[in-house]
Amino acid sequence: MLKLIIKLFVKDSENVTDQKVRERYGVVLSGYGIFLNILLFAIKYVAGILSASIAMTADAFNNLSDAGSSLISVIGFKFAGKKPDPDHPYGHGRIEYIAGLIVSLAIILMGYEIVRDSFKKIIHPEDINFSYVSVAILLAGVLVKLYMSFYLRHYGKLIDSAVLTATATDALSDTISTATVILATVLYAVFGWRLDGYSGLLVGALIIFAGLKSAKETVSPLLGEPPTAEFIDKVEAIVTSYDEIQGMHDLMVHNYGPGRLIISLHAEVPDSGNINELHDVIDNAEARLSRELNCSAVIHMDPVRVGDPFTDSLKEMVKGIAASIDEKMTIHDFRIVTGPTHTNLIFDVLVPYHVKMSDDEVIENIKKEVYKNDKKFNCVVTIDRDYVNR
Ligand SMILES: [Zn+2]
Ligand SMILES: [Zn+2]
């Protein structure tokens, strides 16, 4: 049925990286979620009132707040699909993360209320009116939520949406909470145990936990995350596929929401090359990156000396010194300037985050070791931090 709805309402549905298509997916899926959640709320609420069960009523309100969360998702998708404007030239993609954060906070708040009501029930336990109809309603509710978490996870992955994935996690935790309510209801019917409050407490704790987890997942991309190893590999494969490019470093990736990536990197090119020809190669590499990875790419050229044994031997020496300080410490942009009294070794050192030394200490250590090799060597060092993580 959902496949049919998507066929009808999501035009151009294969083109999942396109902003317009993502927006249509988001709005249709969230709208469908609002419909299902309001349906579940209405039925469970009536069952909860008739059974005089606070756990059942709480479970119903859980679904109502999910409908509210989906409404926020629709707003998020609508804004994320909005074109860039003069005030926000990088688009509005990150609004989707903010919407995801609001969804998470709504989940945490609801969990808190359930925990509070459940404590009251534990202190003052009451009888509930058992009926097979309400148990059947709850069972149907579990199946609906399982179905929802399944399709939300599927489409969340397909269009790379933090909101849909967060909602999928919530739907799954809903099935566990509803199952707990069913168990407590059945145990009451069979043994007369008044577990309403305890099952509510467990439900509330699960909901708070799910909310905290999805809050963390939406805050992280807002602060800025390193790209995935898979993405770095793709960039490297494209850039180094050109014969003129000897290597790359200093990759930076800025994410302004899915489909709005801005990347920059340094490409090492032979210093003997022709600037116009090399620029042409760099332009081609940039064009391929933007076409194949759906990003805006800027490449900075670094001249390196190729095939000079003296430069190579000095570079190897400095490489070894860096690795002896920390095995993950690397150097790049290495060049030398020779003079009559001394030789300048100019390079960048990439210091891993786990190295506890200060920048000055790293520079001093390297200088000291290089100086030991030859008193004529003078180091000009720039410290660099990694913007990718692997
Ligand atoms: Zn560089
Ligand atoms: Zn250019």
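Each ligand, and each atom within it, is numbered from 1 in the order the structure gives. Throughout, numbering of the chain's residues begins at 1 and tracks the sequence.
- Protein N/O/S atoms closer than 2.8 Å to the Zn ion (ligand 1): H249 NE2, H266 ND1, D302 OD2, D333 OD2.
- The hydrophobic clustering, which links ILVMFWY residues whose side-chain heavy atoms are closer than 4.5 Å, places M357 and V349 together.
- At a threshold of 4.0 Å, the pair K356-D326 does not count as salt-bridged, since none of the basic side-chain nitrogens sits closer than that to a carboxylate oxygen.
- Looking only at atom types and distance, the side chain of H332 has no donor-acceptor partner in the side chain of E268 under 3.5 Å away.
- D66 and K145 are joined by a salt bridge, as a carboxylate oxygen and a charged side-chain nitrogen come within less than 4.0 angstrom of each other.
- Side-chain N or O atoms of Y353 include one that pairs as donor or acceptor with a backbone N or O of D386 at under 3.5 Å.
- Of the possible polar contacts, none joining the T178 side chain to the T175 backbone as a donor-acceptor pair under 3.5 Å is found.
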